[in-house]
Engineer: 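Before anything else, here's the structure in question.
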Amino acid sequence: MAPVTRRTSFPKVVIERDSDSEQSSSDDDEQEQEEEILEDEENGVIENAKIEKLEVGFDANRKGKTPITLTLRKVCKVCKKPGHEAGHTTLNCPHRVTTEHGVVPAPRRKTSKPLEYVFERQLRHAIPAIKPKYVIPDQVNCAVIRYHSRRVTTLEFHPTKNNILLSGDKKGQLGVWDFEKVYEKVVYSNIHSCIVNNMRFNPTNDCMVYSASSDGTVSCTDLETGISSSPMNLNPDGWQGPNTWKMLYGMDINYERGVVLVADSFGFLHLVDMRSNHRNGDAVLIHKKGSKVTGIHCNPIQPDILLTCGNDHYARIWDMRRLEAGSSLCSLEHKRVVNSAYFSPISGNKILTTSQDNRLRIWDSIFGNMESPSREIVHSHDFNRHLTPFKAEWDPKDPSESLAVVGRYISENFNGTALHPIDFIDTSTGQLVAEVLDPNITTISPVNKLHPRDDILATGSSRSLFIWKPKEKCEPIEEKDERKIVVCDKAEKKRGKRKGDNSDESDDDGFISKLKKPKLKQTEWKLSRCSKKG
DNA sequence: AATCAATGTACCC
DNA sequence: TGGGTACCCTTGAT
């Protein structure tokens, strides 16, 4: 249904006259582009070009008027050119992530601010002059398929237990998975009633985890028992309609003050005291009234310095010691909604934001010129209401504070199969360092988290979770590959049992599924398979 | 194979 | 500022 109606409603109408005098230079450009694309199409390079020409029914000979050609074209939301669209299989978008493409370079300013000078002097020794070689976790090591009952919305690694991954979903479930033991997993269903947007471990008790949800509550859950309390509930009177229902999105912990900071869908910031587990102080308006605050991050060096971002197209820096409406230290303007904003993980001196205008923005120094970003990197991570918003995140282990990971919306056509890779981007240059993909991951992967200590990537893609490790740390490829994949769906489980696949390795919740044979030849894949540990 | 539902953002008035 | 609605175009279920 949708594709048919869309086709008639979507194309932009451009009227081109075949008269010499009326052609502007921009028309020229457009015509040139179009000719190029048509040529490509003849060569069979472009699969997705959708250009239609309609001769409008004017009589060309009558009164000597030139015929009008209407060109209906779909244009890419990223680069505004026809022939491909963000979100669709394409090979020819110049702004799909390619080396150095779509990077707006940093304007080299001489700011001469004393503060920046001092900071740079203090920090320079800590930042290595030669960039370390990036270690990319590019092989799926294990997975739980259909783990959650709805799509995964947030991930968090355990602060001390290296093998534990926490996951939240759209339904409000909270998953705890030991990905080394693969089969050891728990899903708590009674903590939230809808989307879990953010989770943070209690820094003084790593058994306890705080979670912020669109149900308007902050929950504090004991991971061993699953028992949870709600230190905050912004909808104590239940559903009174969409105008009053408050949702909680951004959340972080200021460990020095012992408070949880959480922000709602009406532009307000709230505090929860971790010792008493009760609300602390009044809510403060930190973004446009009535707009969603999508993220909060406390500076890793100075936790009183906050970074927030929201649907009002701004990211803002605040000082907790002077927190009141309108008192932000700095406002970073974006063209669209800002999905996330993070300080760099080590020095806390850089900022990385993800905006729905398909751009990553980097500010190289919070003490420098903040009027415009140091770089804008064009990258396909478009908004779609059915997907969890994409958030580019720093690699917490990269001493140069350059590497970031972000899922890609636009897909690559791998021999007829559309796959959406996960991108590793060097934010200092805009270079695509690596794209990782796997034949078993056919869905878009908007949620990604790099491990704070190990070379591990966790991915949430639809209802499934994947753990990636570097190729060299995986076992060599075997012909009869049986990967560590646990399928959690009940229907799948029954099917597996009927086939007699239920080996003694299986537990009550899942079984080992044989690796699906890729539809493509092995050579087509940049990444090969990783076998099960014996 | 076809259809449906769920549903966030932008923009108009 | 609030209501109305067009549009964004995925995924899993049936």
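Hydrogens, waters and symmetry mates play no part in the numbers below; they use all other heavy atoms, side chains included. Below, read A as the first sequence line, B as the second, and so on, with proteins coming before strands; counting in each chain starts at 1.
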Engineer: Can you work out whether A:T443 or A:K289 has the more 5'-proximal nearest nucleotide on DNA chain C?
Structural biologist: A:K289
Engineer: How is A:K170 classified with respect to the nucleic acid when contacts are heavy atoms under 4.0 Å: base, sugar-phosphate, or nothing?
Structural biologist: sugar-phosphate
Engineer: Round to the nearest Å and state the distance from A:R151 atom CZ to C:dA13 atom P.
Structural biologist: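 One finds 15 Å between P of C:dA13 and CZ of A:R151, rounded.
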Engineer: Nearest of C:dT11, C:dG3, C:dT10 to any side-chain atom of A:S462?
Structural biologist: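 Taking heavy atoms from C-beta onward, the closest nucleotide is C:dT11.
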Engineer: Heavy atoms from C-beta onward define the side chain here; which of B:dA6, C:dC9, C:dT11 lies closest to that of A:I444?
Structural biologist: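 Of B:dA6, C:dC9, C:dT11, C:dT11 is nearest to the side chain of A:I444.
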Engineer: Would you say the ring centers of A:H297 and A:W318 fall short of 6.0 Å from each other?
Structural biologist: no
Engineer: A:I145 CD1 to C:dT11 P: how many Å, rounded?
Structural biologist: 14 Å
Engineer: CZ/A:F466 to CD1/A:I485 distance, rounded to the nearest 0.5 angstrom?
Structural biologist: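 CD1 of A:I485 is found 7.0 Å from CZ of A:F466.
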Engineer: Could you give the NE2-to-P distance, from A:H148 to C:dG12, as a whole number of Å?
Structural biologist: 14 Å
Engineer: As an exercise, state the distance from CE of A:M251 to CE of A:M199, rounded to the nearest 0.5 Å.
Structural biologist: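 Reported value, rounded in 0.5 Å steps: 8.5 Å.
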Engineer: Can you tell me the distance, in whole Å, between the CG atom of A:L387 and the P atom of C:dT10?
Structural biologist: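 The distance from CG of A:L387 to P of C:dT10 comes to 7 Å, rounded to the nearest Å.
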Engineer: Tell me the interatomic distance from A:Y409, atom OH, to C:dC8, atom C1', rounded to whole angstroms.
Structural biologist: 7 Å
Engineer: Send over the distance from A:H386 NE2 to C:dG12 C1', rounded to a whole Å.
Structural biologist: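 Those two atoms, NE2 and C1', are 12 Å apart.
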Engineer: Could I get a table of every N or O pair under 3.5 Å where one atom is in the protein and the other is in nucleotides 8-10 of chain B?
Structural biologist:
unit_1: B:dG8; atom_1: O6; unit_2: A:R385; atom_2: NH1; d: 2.9
unit_1: B:dT9; atom_1: OP1; unit_2: A:K292; atom_2: NZ; d: 3.4
unit_1: B:dT9; atom_1: OP1; unit_2: A:N311; atom_2: ND2; d: 3.2
unit_1: B:dT9; atom_1: OP2; unit_2: A:K292; atom_2: NZ; d: 3.1
unit_1: B:dT9; atom_1: OP2; unit_2: A:N311; atom_2: ND2; d: 3.0

Engineer: Cation-pi between A:K292 and A:Y249: NZ/CZ under 6.0 Å from ring centre and within 45° of the ring axis?
Structural biologist: yes
Engineer: On the 0 to 90° scale, with breaks at 30° and 60°, tag the A:F157-A:F179 ring pair as parallel, tilted or perpendicular.
Structural biologist: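 Taking A:F179 first and then A:F157, their aromatic rings stand perpendicular (interplane angle over 60°).
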Engineer: Rounded to whole Å, please give me the gap between CZ in A:F390 and P in C:dC8.
Structural biologist: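 It is 17 Å, rounded to the nearest whole Å.
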Engineer: Between A:D382 and A:Q356, does the side chain to side chain contact (heavy atoms under 4.5 Å, CB included) criterion hold? Intermediate values first, please.
Structural biologist: CA-CA 6 Å; A:D382 208 8; A:Q356 290 182 7; 5.5 Å; no
Engineer: Output yes when a side-chain donor or acceptor of A:N141 lies under 3.5 Å from a complementary backbone atom of A:K469, and no otherwise.
Structural biologist: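 Here the side-chain-to-backbone pair does not exist.
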Engineer: Without decimals, in angstroms, what is the distance between A:R463 CZ and C:dT11 P?
Structural biologist: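 Answer to the nearest Å: 13 Å.
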Engineer: Quick one: look up who B:dC4 pairs with, Watson-Crick or G-U, both distances under 3.5 Å, and put none if it's unpaired.
Structural biologist: C:dG12
